[in-house]
Asks: 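What follows is a single structure, and I will ask about it in a moment.
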Protein chains: 2
Amino acid sequence: MSGFGPDDFFLADCPARLAVELIADKWTVVVLYGLSKGPVRHGELIGLIGGISRKMLTQTLRRLEAHGLVHRRAYSEVPPRVEYELTPLGATLIGPIHMLTEWARANGDAVLDALDTDPEPVAHNG
Amino acid sequence: MSGFGPDDFFLADCPARLAVELIADKWTVVVLYGLSKGPVRHGELIGLIGGISRKMLTQTLRRLEAHGLVHRRAYSEVPPRVEYELTPLGATLIGPIHMLTEWARANGDAVLDALDTDPEPVAHNG
DNA sequence: ACGCTAGGTTTCCGACAGGAACCAACAGGT
DNA sequence: ACCTGTTGGTTCCTGTCGGAAACCTAGCGT
């Protein structure tokens with residue numbers, strides 16, 4: 001009746017679930033989007049992504065790097081220069097990510113409108 | 001230079017960013033996936049989604065409801081029965097969500113493999 | 001000698017996730 | 001009449017995490 005197969009990533013620790021939890025994160029989607037058009041520097045991302053802190057950006061990039069989605073290229077220059085780039089595996093995410101961002105662009109206003117419209121007192125419990 | 005337009009949802013509080021942050025969340029993606037095939041009861045989702053607690057499920061559903069993506073239908077029966085269903089707006093998310101879950105199914109193993117393979121000491125700073 | 005730049009880490013504190021226990025409402029058994 | 005089971009939800013407590021600001025490293029220009 002459920003319509004789902006038994007391996008449908010509902011199991012808490014299956015690889016698919018872990019993969020989703022890796023990218024279903026407040027900053028990860030935006031960072032991946034920022035990387036989707038080619039190599040970008042740390043500082044560029046800081047300036048590009050409004051509201052992110054260096055700490056969270058580094059943390060997010062490290063996690064993606066550890067999972068093989070992002071490659072970190074540090075040049076031995078002064079001042080230091082570091083570029084981040086999607087790996088081939090990471091590049092397979094561009095499609096899904098862009099679908100999400102396109103959806104957000106198309107429906108962001110509707111979602112915000114609902115916040116003001118919905119509050120009819122519906123009484124969730126008694 | 002950047003290749004991004006100025007409205008490219010990098011601004012911290014633009015509707016697109018808020019919409020992404022609404023669904024880019026540990027549980028939200030899995031819950032939306034659980035709803036993607038039709039109305040589901042609260043208890044069904046609890047049994048279906050490994051690892052989620054009643055509290056987090058309720059919280060996630062309420063947030064989606066407030067943003068107009070999910071509709072809550074409570075039947076006045078005993079014991080109580082509550083069904084959750086995607087709204088038309090919520091249904092527009094099925095495509096993006098399924099792309100994500102398909103990606104996760106296809107690449108989950110690769111992502112986990114990278115965790116064991118990568119740890120070459122790369123020296124991120126000095 | 002000093003400050004600037006660029007990437008990163010450390011410190012501190014408030015907020016939130018998560019689990020367990022509790023609550024409400026009524027049907028049905030005894 | 002009383003107790004129990006079912007279902008959905010909330011409350012309480014604690015550990016962890018996010019976020020801002022300060023600090024660190026290393027060379028180059030002046």
Side-chain angles (χ1 to χ4, degrees), chain A residues 1-2 12-13 17-18 20-31 34-35 39-66 70-85 121-126, chain B residues 1-2 12-13 17-18 20-31 34-35 39-66 70-85 121-126:
Chain A
M1 283 317 91
S2 69
D13 292 327
R17 267 285 286 282
L18 294 174
V20 164
E21 287 178 14
L22 170 66
I23 60 180
D25 171 78
K26 174 175 180 182
W27 293 118
T28 307
V29 174
V30 193
V31 168
L35 293 171
V40 194
R41 299 182 58 170
H42 178 99
E44 279 184 288
L45 287 170
I46 289 289
L48 214 51
I49 303 175
I52 201 172
S53 65
R54 285 193 286 268
K55 177 189 167 188
M56 290 315 294
L57 177 58
T58 302
Q59 202 171 103
T60 304
L61 287 168
R62 288 282 147 74
R63 193 156 43 94
L64 294 174
E65 189 193 7
V70 162
H71 180 64
R72 180 181 185 276
R73 181 167 292 131
Y75 298 86
S76 294
E77 301 173 0
V78 146
R81 182 160 65 99
V82 179
E83 280 183 353
Y84 292 92
E85 189 179 8
V122 195
H124 285 133
N125 71 11
Chain B
M1 196 93 304
S2 71
D13 292 326
R17 266 285 287 281
L18 295 174
V20 164
E21 288 177 13
L22 170 67
I23 59 181
D25 173 80
K26 174 174 181 181
W27 294 117
T28 306
V29 174
V30 192
V31 168
L35 293 170
V40 194
R41 298 184 57 171
H42 177 100
E44 279 184 288
L45 287 170
I46 289 289
L48 214 51
I49 303 176
I52 201 171
S53 65
R54 285 193 287 269
K55 177 190 166 188
M56 289 315 294
L57 177 59
T58 302
Q59 203 170 101
T60 303
L61 289 168
R62 288 280 146 74
R63 192 155 45 90
L64 294 174
E65 189 192 9
V70 162
H71 180 65
R72 179 181 186 276
R73 180 168 292 132
Y75 299 86
S76 293
E77 303 174 357
V78 144
R81 181 160 65 99
V82 179
E83 281 183 352
Y84 292 93
E85 188 178 7
V122 194
H124 285 132
N125 70 12

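Chain naming here is simple, since letters A, B, ... match the order of the sequence lines and numbering starts at 1 in each.
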Asks: So, does A:R41 use its side chain to make a donor-acceptor pair with the main chain of A:R81 at under 3.5 Å?
Replies: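 No, because the side chain of A:R41 does not come within donor-acceptor range (under 3.5 Å) of the backbone of A:R81.
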Asks: Between A:D25 and A:P79, who's closer to the 5' end of DNA chain D by nearest nucleotide?
Replies: A:D25
Asks: Counting side-chain heavy atoms from C-beta on, which of C:dG19, D:dG9, C:dT9 comes nearest to B:S53?
Replies: C:dG19
Asks: Under 4.0 Å, heavy atoms only, any strand: does B:Q59 hit a base, just the sugar-phosphate, or nothing?
Replies: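 Since only primed, P, OP1 and OP2 atoms lie under 4.0 Å of B:Q59, the category is sugar-phosphate.
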Asks: By nearest atom, which of the nucleotides D:dT6, D:dT10, D:dC23 is closest to the A:R54 side chain?
Replies: D:dC23
Asks: Could you state the atom-to-atom distance from CD of B:E77 to P of D:dG9 in whole Å?
Replies: 14 Å
Asks: Between A:V29 and B:A24, what is the shortest heavy-atom contact and its length?
Replies: CG2-CB, 3.8 Å
Asks: Provide, to the nearest angstrom, the distance between the CD1 atom belonging to B:I52 and the C1' atom belonging to D:dG8.
Replies: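 After rounding, the reported distance stands at 14 Å.
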Asks: Any idea which of D:dG8, C:dG8, C:dG7 is nearest the A:P80 side chain?
Replies: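 Per side-chain heavy atoms of A:P80, the pick is C:dG7.
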Asks: What is the separation between atom CZ on B:R72 and atom C1' on D:dG8, rounded to the nearest whole Å?
Replies: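 Atom CZ in B:R72 sits about 8 Å away from atom C1' in D:dG8.
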Asks: Could you tell me the separation between the OH atom of A:Y84 and the P atom of C:dA6, rounded to a whole number of Å?
Replies: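 It is 15 Å, rounded to the nearest whole Å.
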Asks: Please give, in whole Å, the distance from C:dC4 P to A:R81 CZ?
Replies: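 To the nearest whole Å, that distance equals 23 Å.
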Asks: Once you apply a heavy-atom cut-off of 4.0 Å, does A:G47 come out as touching a base, just sugar-phosphate, or nothing?
Replies: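 No contact.
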Asks: Distance check: side-chain N/O of A:W27 vs OP1/OP2 of D:dG18, anything under 4.0 Å?
Replies: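 It does not, given that no N or O in the side chain of A:W27 lies less than 4.0 Å from OP1 or OP2 of D:dG18.
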Asks: Let me know the distance between CE of A:M56 and C1' of C:dT11, rounded to the nearest Å.
Replies: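 Taking atom C1' of C:dT11 as the reference, CE of A:M56 is at 16 Å.
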Asks: Would a distance-only check, ignoring hydrogens and angles, find a side-chain to backbone donor-acceptor pair under 3.5 Å from B:R63 to B:T28?
Replies: no
Asks: Could you go through the side chain to side chain contact (heavy atoms under 4.5 Å, CB included) check for B:R17 and A:V30 one step at a time?
Replies: CA-CA 8 Å; B:R17 266 285 287 281; A:V30 193; 3.9 Å; yes
Asks: Round to a whole Å and report the spacing from CD1 of B:I46 to P of C:dA20.
Replies: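 My rounded result for the distance is 13 Å.
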Asks: If you round to the nearest 0.5 Å, how far is CG of A:D25 from CD of A:Q59?
Replies: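 Spacing of CD (A:Q59) from CG (A:D25) equals 9.0 Å.
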Asks: Check every atom of C:dG7, C:dT5, D:dG19 against the side chain of A:K26 and return the nucleotide holding the closest atom.
Replies: D:dG19
Asks: Check this one for me: any side-chain N or O of B:R41 less than 4.0 Å away from OP1 or OP2 of D:dT7?
Replies: no
Asks: Send over the distance from A:K55 NZ to C:dT10 P, rounded to a whole Å.
Replies: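 After rounding, the reported distance stands at 11 Å.
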